[in-house]
Amino acid sequence: MGRAPKEPIEVGDEVTVTLGAMVHGGHCLAHPRGHTAFVRHGLPGEGVVIRITEVRSKLVRADVVEVLEASPHRVVPPCSWAHAGGCGGCDFQHVSIAHQRELKGTIAHESLARHGDIDAGALTAQPLAHDDGLHWRTRMRFSVDGGGTAGMLGARSHGVLPVDRCLLASASIDALAIPDDEWRGAQSIEATEDSHGRASIWVDRVLVSGPRKARQQVHHRSWEIDGTAFWQVHPRAAEAIVDHVLAAGAPQPGERWLDLYSGAGLITAFLGEAVGVTGAITAVESHRTAVRDGRRALADLPQVSFVGADVEAWALPDGVDGVVLDPPRRGAGAAVMTAIAQAGPRVIVYVACDPVAFARDAATLGAHGYALDALAVLDAFPMTHHMECIARFVPGSQAAAGQVQRLEANRLP
Ligand SMILES: C[S@@+](CC[C@H](N)C(=O)[O-])C[C@H]1O[C@@H](n2cnc3c(N)ncnc32)[C@H](O)[C@@H]1O
């Protein structure tokens with residue numbers, strides 16, 4: 001049966017619909033008046049009234065404004081700003097924490113099927129802690145309005161909402177009470193907390209309080225990194241990623257590995273320890289400060305060398321045993337994935353923060369003779385649609401559905 005022909009639709013119209021699948025980005029699909037709509041604040045199967053917020057040539061966007069038939073997974077959002085027209089920061093406050101993790105697993109599965117032609121079997125995102133999904137953000141960005149009030153941006157908006165308290169903020173950042181102060185003249189405020197609970201405030205990237213260097217500790221290793229440089233935001237994410245990468249790649253003494261998009265060498269350090277002084281790890285990272293901080297933190301590992309370069313512009317050496325890559329949200333792209341496959345490693349471990357970009361990169365690896373054979377989805381960003389996937393690829397053809405192993409290396413606190 002074809003879809004109903006499109007009827008006129010405008011911003012502000014309210015339409016009753018049944019919501020379809022949840023897709024990447026935390027939206028449910030719906031078809032008001034024959035249009036394809038991306039709907040926030042809903043859950044699959046719900047009967048709802050939606051209000052149209054944006055009309056484009058191929059899709060419309062909308063918010064749920066009334067729930068007529070609620071999903072059994074719907075809960076009262078802990079945050080009073082999580083509603084239509086409210087804060088744009090969280091997508092899943094209205095969803096039970098257990099179901100958030102089921103949804104992320106489904107989205108990862110669907111992304112791999114649609115963009116990578118891989119059936120990874122049923123997936124569920126693993127929690128990083130026994131938690132309610134709140135108070136985990138160790139890095140927060142506040143926007144400032146013309147009157148000097150710091151708050152959060154609305155969804156797909158530049159408007160600053162006077163959110164007095166973000167429930168995702170870590171305890172130390174919450175204690176800074178940034179929205180209680182006046183920040184006249186500033187554009188944005190960043191608050192960071194390191195793994196020793198020390199908080200800093202940066203106004204338009206200038207440090208105004210707290211330490212400039214963040215001290216980060218993961219297992220027995222420590223880093224002093226520039227406070228504004230990249231570090232995993234969930235306090236348990238760095239350790240969980242390291243543990244999963246080591247479980248996936250099983251680096252052996254004497255092996256040669258590459259850590260692409262290495263940051264300050266979080267993964268590099270543990271790979272370096274595993275391969276020992278008879279092995280070699282090359283870490284490639286474009287952010288100069290991260291390279292400098294990484295060299296300093298890993299100075300005890302002569303088998304590690306950092307290259308300050310864009311991965312895309314760097315010629316991969318032949319004869320590597322393993323490759324780890326942890327690219328930014330856009331993924332690594334076909335050229336980098338092809339070069340990795342052509343280097344011929346025995347294993348490739350991909351750490352991905354965007355399931356769609358990851359699926360496209362997985363398809364490139366598939367076209368060059370590498371198959372996905374183990375996968376974990378980590379709930380490193382509770383209450384939001386974001387997730388972290390850790391995947392192992394090995395030479396061979398893609399196994400049938402159900403043959404992709406689950407990677408499990410999480411030790412919950
Ligand atoms: C998701 S972070 C991962 C860092 C590290 N694995 C960690 O967990 O701390 C991605 C890193 O890639 C770096 N990056 C982004 N684009 C890059 C490029 N074209 N070439 C090299 N590094 C890049 C960023 O500076 C950032 O440090």
Side-chain angles (χ1 to χ4, degrees), residues 128 137-139 192-195 205 213-219 221-249 251 257-274 281-298 301 304-317 322-340 348-358 361 376 378 380-381 384 386-391 409:
L128 297 192
R137 285 200 75 98
T138 59
R139 178 178 298 271
T192 55
E193 178 191 337
D194 68 11
S195 57
R205 299 188 77 79
K213 291 275 182 183
R215 274 195 227 131
Q216 306 290 11
Q217 177 89 27
V218 180
H219 293 308
R221 297 207 60 99
S222 51
W223 281 256
E224 276 229 329
I225 61 159
D226 192 83
T228 57
F230 180 88
W231 195 259
Q232 300 292 338
V233 173
H234 192 293
R236 292 193 49 82
E239 185 180 308
I241 289 172
V242 164
D243 292 353
H244 281 81
V245 168
L246 293 180
W257 280 69
L258 307 178
D259 181 7
L260 307 180
Y261 311 92
S262 67
L266 166 68
I267 299 167
T268 321
F270 296 93
L271 288 176
E273 290 187 354
I281 314 289
T282 306
V284 185
E285 163 64 42
S286 59
H287 194 287
R288 278 218 321 247
T289 320
V291 170
R292 184 199 61 201
D293 294 341
R295 281 189 180 127
R296 227 172 257 162
L298 277 58
L301 300 173
V304 166
S305 51
F306 276 87
V307 176
D310 278 349
V311 170
E312 297 77 7
W314 188 66
L316 267 72
V323 177
V324 177
L325 71 157
D326 184 2
R329 204 148 273 157
R330 64 175 186 274
V336 170
M337 297 317 294
T338 302
I340 291 173
I348 299 164
V349 184
Y350 193 133
V351 182
C353 55
D354 184 295
V356 170
F358 163 58
D361 285 344
L378 304 183
F381 308 91
T384 79
H386 297 290
M387 66 189 86
E388 201 79 41
C389 295
I390 299 176

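Nothing here was measured: the structure is a model prediction, and the numbers come from that model. Just so it is clear, the values below take in all heavy atoms, side chains as well, and ignore hydrogens, waters and symmetry mates. We count ligands from 1, going down the list as the structure has it; atoms in each ligand are counted the same way.
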Checklist outcome for this item: Looking only at protein heavy atoms, what sits closest to atom 4 (C) of ligand 1 is Tyr261 O, 3.5 Å

Item to check | Which of the ligand 1 atoms, numbered from 1, are nearer than 4.0 Å to a heavy atom of His287 | outcome: 25 (O)

Item to check | Flag side-chain contact, heavy atom, 4.5 Å: Tyr350 against Pro327 | outcome: yes

Checklist entry - Phe381 vs His386 aromatic rings, parallel, tilted or perpendicular, using cut-offs 30° and 60°? => result perpendicular

Item to check | Sub-4.0 Å heavy-atom approach of Phe230 to ligand 1 | outcome: yes

Checklist entry - Any N or O on Val284 sitting closer than 3.5 Å to an N or O of ligand 1? => result no

Item to check | Ligand-side contact atoms (ligand 1) for residue partner Pro328, heavy atom cut-off under 4.0 Å | outcome: 15 (C), 16 (N)

Item to check | Residue portion contacting ligand 1 (non-hydrogen atoms closer than 4.0 Å) for Asp326 | outcome: both

Checklist entry - Is there a donor-acceptor contact under 3.5 Å from the side chain of Thr138 to the main chain of Val233? => result yes

Item to check | Protein contact of atom 23 (C) of ligand 1 - nearest heavy atom, named by residue and atom, plus distance | outcome: Ser286 OG, 3.1 Å

Item to check | Passing option when Val291 is tested against His287, Arg295, Arg288 for side-chain contact (heavy atoms from CB on, under 4.5 Å) | outcome: Arg295

Checklist entry - Looking at Ala309, which atoms of ligand 1 are within less than 4.0 Å of one of its heavy atoms? => result 20 (N), 21 (C)

Item to check | With Phe306 via ring pair (Phe, Tyr, Trp, His ring centres under 6.0 Å) - residues at least two apart | outcome: none

Next on the checklist: Judged on heavy-atom distance to atom 16 (N) of ligand 1, which of Glu285, Arg330, Glu388, Arg288 sits nearest?
Outcome noted: Arg330

Item to check | Ser262, portion touching ligand 1 at heavy-atom distance under 4.0 Å | outcome: backbone

Checklist entry - Does Asp310 come within less than 4.0 angstrom of ligand 1, counting non-hydrogen atoms of the residue? => result yes

Checklist outcome for this item: Taking every heavy atom of Ala334 against every heavy atom of Asp361, the minimum-distance pair comes out as N-OD1, 4.4 Å

Next on the checklist: I'd like to check Glu388 versus His234 (side-chain heavy atoms, cut-off strictly below 4.5 Å). Are they in contact?
Outcome noted: no

Checklist entry - Do the ring centers of Phe270 and His219 come within less than 6.0 Å of each other? => result yes

Item to check | Sidechain-backbone polar pair: Glu285 side chain, Gly263 backbone, donor-acceptor under 3.5 Å | outcome: yes

Checklist outcome for this item: Closest to atom 20 (N) of ligand 1 among protein heavy atoms sits Val311 N, 2.9 Å

Checklist outcome for this item: A student checking ligand 1 against Glu312 at a 4.0 Å heavy-atom cut-off should list atoms 18 (C), 19 (N), 20 (N)

Checklist entry - Is there a donor-acceptor pair under 3.5 Å between the side chain of Trp223 and the backbone N or O of Ala264? => result yes

Checklist entry - Considering only protein heavy atoms, which is closest to atom 8 (O) of ligand 1, and at what distance to one decimal place? => result Gln232 NE2, 2.8 Å

Next on the checklist: Test of understanding: given a 4.0 Å heavy-atom threshold, classify the contact between Ala229 and ligand 1 as side chain, backbone, both, or neither.
Outcome noted: neither

